[in-house]
Number of protein chains: 2
Amino acid sequence: MTSHENEDERVVQVLAQLASSGHRITNPRRHIVAALVAAGGHMTAEEVAVAVQAHDPSVHLATVYRTLETLERSGVVIHIHLGHGRAIYHLADSSHYHLYCQVCGSVQEIPQAALDNLFATVARSYDFEPSLGHFAILGTCGHCMARSGSKGRNSGGTSPESIA
Amino acid sequence: MTSHENEDERVVQVLAQLASSGHRITNPRRHIVAALVAAGGHMTAEEVAVAVQAHDPSVHLATVYRTLETLERSGVVIHIHLGHGRAIYHLADSSHYHLYCQVCGSVQEIPQAALDNLFATVARSYDFEPSLGHFAILGTCGHCMARSGSKGRNSGGTSPESIA
DNA sequence: TTTATTGCAAATTATTTGCACATCA
DNA sequence: TGATGTGCAAATAATTTGCAATAAA
């Protein structure tokens with residue numbers, strides 16, 4: 001029950017920040033924030049809708065999209081793209097990047113600092129400021145790598161035979 | 001005119017590879033390949049269609065999509081996602097990553113080798129094999145960076161105040 | 001000939017929008 | 001009360017698919 005209380009607290013926090021951004025606190029918004037907090041992570045808009053509708057079936061998917069956008073503009077939610085059109089949303093508590101396994105669909109988070117060097121290199125060498133924050137890094141996780149007999153089907157060719 | 005001849009040659013090469021993959025050489029396919037070669041780079045499916053239709057208006061967008069997929073399966077074309085749903089296609093001649101400026105929409109290519117070391121590090125640390133090949137690295141190019149008075153609106157937070 | 005390809009229209013998927021009604025501050 | 005938010009249905013945008021007609025090998 002303690003985690004439950006923590007969750008409730010977090011919900012209140014988020015709603016407070018929403019309110020302080022000049023937005024109203026409504027029932028759909030309460031449910032949507034609660035769903036995000038409960039999931040503790042990555043959800044598609046539709047997954048949010050399903051979770052919310054378990055509590056209140058009248059909440060419409062369009063409202064979920066609009067609320068998610070509002071939450072994002074208020075800085076409490078972030079969305080990233082996993083590739084083929086679908087976006088996933090999560091609370092903006094920690095700054096991290098996402099490693100998305102194209103094989104099993106798992107999402108691993110890595111601290112932003114992990115890629116600082118990479119970004120610095122790109123910025124320096126190519127006069128370009130990367131912002132992977134809203135984008136996942138696609139690839140294959142170790143699990144799937146092992147399963148497929150070290151024969152990664154990775155669509156790019158990160159493999160040895162890079163033609164450079 | 002020399003570059004024209006080179007282009008023609010390249011078109012023949014690509015069509016040959018397509019044929020050797022067991023596919024038929026048709027008029028739409030000739031035009032589509034020619035468009036990709038002429039553009040020398042990144043095009044959306046619709047841009048390809050427009051270019052093709054300048055030569056033969058009867059070629060349908062659906063055919064462009066199907067041909068692009070066929071070309072990709074034959075290994076002569078690659079597509080990457082720039083973010084919001086749109087995919088871009090290009091010939092698979094050189095292995096490179098794409099730096100996509102979210103502000104002006106420009107795409108800069110960087111050789112794959114440039115980031116290999118860094119990615120290898122990620123792979124080692126997180127047991128994950130990235131394949132940015134089919135994905136662009138989003139961010140802001142130097143131009144737009146300067147234009148916006150060093151006040152990057154980059155959605156992630158690549159900025160100093162990383163919360164780690 | 002006979003199987004791959006094409007054109008066209010209709011279907012999908014993910015998301016957005018117009019609008020009249022409901023509701024929060 | 002009066003602006004903000006909501007449900008619903010319809011609109012988009014990008015891409016895919018069924019199918020009968022067409023063309024390559």
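Values reported hereafter were calculated over all heavy atoms of this structure, with side chains retained and with hydrogens, waters and symmetry mates removed. Sequence lines set the chain letters: A, B, ... in the order given, protein chains first and strands last, and positions in each chain run from 1. Just so you know, these numbers come straight off a predicted model, no measurement behind them.
- Taking side-chain N and O atoms only, B:Y65 has a distance below 4.0 Å to OP1 or OP2 of D:dT15.
- At whole-Å resolution of the value, CG in A:L68 and C1' in D:dG5 are 15 Å apart.
- Shown here for B:R24 and B:R29, the closest heavy-atom pair between the two residues is O-NH1, 2.9 Å.
- Note: A:Q13 CD to A:L91 CG = 10.0 Å, rounded to the nearest 0.5 Å.
- Scanning residues 14-24 of chain B for heavy-atom distances under 4.0 Å to DNA chain C yields B:H23, B:R24.
- Partner of B:H79 under the side-chain hydrogen bond (donor to acceptor under 3.5 Å, both in side chains) criterion, out of B:E72, B:E69, B:H90: B:E72 alone.
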Quiz item: What does nucleotides 6-12 of chain D look like as a protein-contact string, B for base, S for sugar-phosphate only, - for none, at under 4.0 angstrom between heavy atoms?
Solution: SBB----
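- Residues satisfying the salt bridge (Lys or Arg N to Asp or Glu O under 4.0 Å) test with A:R30, not counting sequence neighbours, are none.
- If you take CD1 of B:I25 and C1' of D:dA25, they are 11 Å apart, rounded to a whole angstrom.
- Shown are B:H42, B:Q108, B:E109; of these, the side-chain hydrogen bond (donor to acceptor under 3.5 Å, both in side chains) with B:H98 is made only by B:H42.
- Contact between B:A92 and B:G75 at its shortest, heavy atoms only, is CB-O, 3.6 Å.
- Residues B:V77 and B:V12 fall into different hydrophobic clusters, defined by Ile, Leu, Val, Met, Phe, Trp and Tyr side chains chained together at heavy-atom separations under 4.5 Å.
- We find that CZ of B:R73 is positioned 11 Å from P of D:dT16, with the value rounded to whole Å.
- A residue-by-residue look at B:A45 and B:R30 shows that B:A45 has its nearest nucleotide of DNA chain D further toward the 5' end.
- Checked by atom type and distance alone, the side chain of A:E129 never pairs as donor or acceptor with a backbone atom of A:A123 at under 3.5 Å.
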